[in-house]
Amino acid sequence: MNHTPPQLFNALIVYAAKGCCLASRCRNNFIPFPPPKSGDCCIFKVIESGEGTLVLLFYKAFKKLVKLDGRTLAVFAVFFFLLSPLIIRLLEPDKFTSYFKSFWWVVVTATTVGYGDYFPVTAPGMLFGIIVIMGGLFLIGAIVGKTTESFVNWKKQKEAGRMPYKGEDHYVVIGWSDNKIRDAVEEMLLADPHRDVVLIAKLEKAPFVHERVHFIQGDATDYATLDQANACGCKAVIIFSPDGVDSSALADGQTLLIATTLESYAEKQGRDIYTIAEILKENHRHSFRHAKVDELILSQQSISHLIAASTVNLGSSRLFMNLLSKDRGDELYTIAKRKEWRTYNDAYEWLKERGALLIADHEDTGIIRRLNEEIPASARLFIIADTETYRLLNSPAAAGGGKTT
């Protein structure tokens, strides 16, 4: 029996509507389009008999689309949106007179927006419109699903500490405690707003959520963990003494093991890693002599010394806290040697005119009594200044030698 294209299209629409109703279990109560005429019964029967098969076909096609990797899905989407305008122009050249109009119609149809400014008027064009609608729904649904899945997986991997850090010139913090190390990390983020902090700890998930904190789950004595933290590209590594260890000798022993691992790791990579380590006992200092630790901080004895000093010199603890905290008064900074500074006195006078105070070269605080000595090339000068003064000291005006006001 012969069937004209409009009758075939009408039968397809009826089938599509019935297929949707079948999925919602209300097919028998919902027939939005008139059934085909008696002359088209054979067509309708063929379509109706295969409605479950076609629904299953769409379902399987969608599952396959979702399972595609992101690159393949992107290529498929590009071909779909670039070739579909060409096909609709071939089917209806009088209606779609330019590629841009065809592309516009494909986009609004595939996204089910349907402005109605352009639409096919022939049966082949309408049939292709159905394909664009269904293809767009599947394709966009798959892309949204894949994007959501990727973001969720990325977030889970980041929280679990399984994603490597790709940046450089960051700080690496080894260890974790909810009080001491959390406060230290917060202070670092406040003091240096341009650098990230990579935290290495044996925890199930990130203990500190911040856009500039990257968590790495693992053992700091493992080279693979140091690779994930990009320890060779960092500005400094800070090793905190482990919490929950009763013996100070055992705690400092664990710190020494990490420091030794860092030394061998740096030698293997041919890099120099600046290392700061917290230890509990001063008589363990000699054990770190061969580990090439740049700075050792005596946490327990430092507190004892601070308490003793504030007892003898009343109010001195507030002075130390002002210097150590970035949200109180003047702060402690390092500054590079300038070419016009020959002696410490040159640096002292230059800084004094600009509101800063030179106090030390490395750990040597006695330079104030040796102002006429030449500044060595390896000098690391420490100054006391407020945030604005320090910013101006590093401004182009200061670099040009002009006086900062």
For [X] and [Y], indicate whether the former's side chain and the latter's backbone hold a donor-acceptor pair under 3.5 Å.
| X | Y | result |
| --- | --- | --- |
| Thr255 | Ala251 | yes |
| Thr225 | Thr221 | no |
| Tyr165 | Asp227 | no |
| Arg380 | Ala336 | no |
| His170 | Ala229 | yes |
| His214 | Met163 | yes |
| Thr275 | Ile273 | yes |
| Tyr390 | Ile383 | no |
| Asp252 | Leu280 | yes |

Looking only at non-hydrogen atoms, find the nearest pair between [X] and [Y] and report the distance.
| X | Y | answer |
| --- | --- | --- |
| Gln228 | Arg162 | NE2-O, 3.4 Å |
| Tyr348 | Leu371 | CB-CD2, 4.2 Å |
| Ala220 | Ile174 | CB-CG2, 3.6 Å |

Can you tell me which residue pairs pass the salt bridge (charged side-chain N to carboxylate O under 4.0 Å, His left out) test with a partner in residues 196-215, sequence neighbours excluded?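 Checked against salt bridge (charged side-chain N to carboxylate O under 4.0 Å, His left out) - neighbours excluded - the pairs reaching residues 196-215 are Lys202-Asp219.
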Any pair with a residue in residues 85-97 that passes salt bridge (charged side-chain N to carboxylate O under 4.0 Å, His left out), sequence neighbours left out, goes on the list, sorted by first then second residue, please. none
Taking atom [atom1] of [X] as the centre, does the number of heavy atoms from other residues, nucleotides or ligands within less than 6.0 Å exceed 12?
| X | atom1 | answer |
| --- | --- | --- |
| Asn372 | CG | no |
| Arg271 | CZ | no |
| Lys337 | NZ | yes |

Any [X] side-chain heavy atom under 4.5 Å of [Y] side chain:
| X | Y | answer |
| --- | --- | --- |
| Asn179 | Asp243 | no |
| Ser84 | Phe79 | no |
| Leu392 | Arg354 | no |
| Ile276 | Val293 | no |
| Asp178 | Trp176 | yes |

Once rounded to the nearest 0.5 Å, what's the spacing between atom OG1 of Thr343 and atom CD1 of Ile375? 6.5 Å
Check this for me, if you would: do Glu168 and Lys235 make a salt bridge, where the nitrogen-to-carboxylate-oxygen distance has to be below 4.0 angstrom?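 No salt bridge links Glu168 with Lys235.
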What residues form a salt bridge (Lys or Arg N to Asp or Glu O under 4.0 Å) with [X], not counting sequence neighbours?
| X | answer |
| --- | --- |
| Arg342 | Glu374 |
| Glu159 | none |
| Glu373 | Arg370 |
| Asp192 | Arg195 |

Check for me whether the distance between the ring centres of Phe96 and Trp105 falls short of 6.0 Å. yes
Between the side chains of Ser264 and Tyr223, is a donor N or O closer than 3.5 angstrom to an acceptor N or O? yes
After noting the C-alpha distance and the side-chain angles of Val173 and Ile200, does the key distance pass the side-chain contact (heavy atoms from CB on, under 4.5 Å) rule? CA-CA 6 Å; Val173 174; Ile200 299 177; over 6 Å; no
I'd like to know whether Tyr333 forms a side chain to side chain donor-acceptor pair (under 3.5 Å) with Glu331, so could you lay out the CA-CA distance, the side-chain angles of the two residues, the decisive distance to 0.1 Å, and finally the verdict. CA-CA 6 Å; Tyr333 294 102; Glu331 301 159 14; 2.4 Å; yes
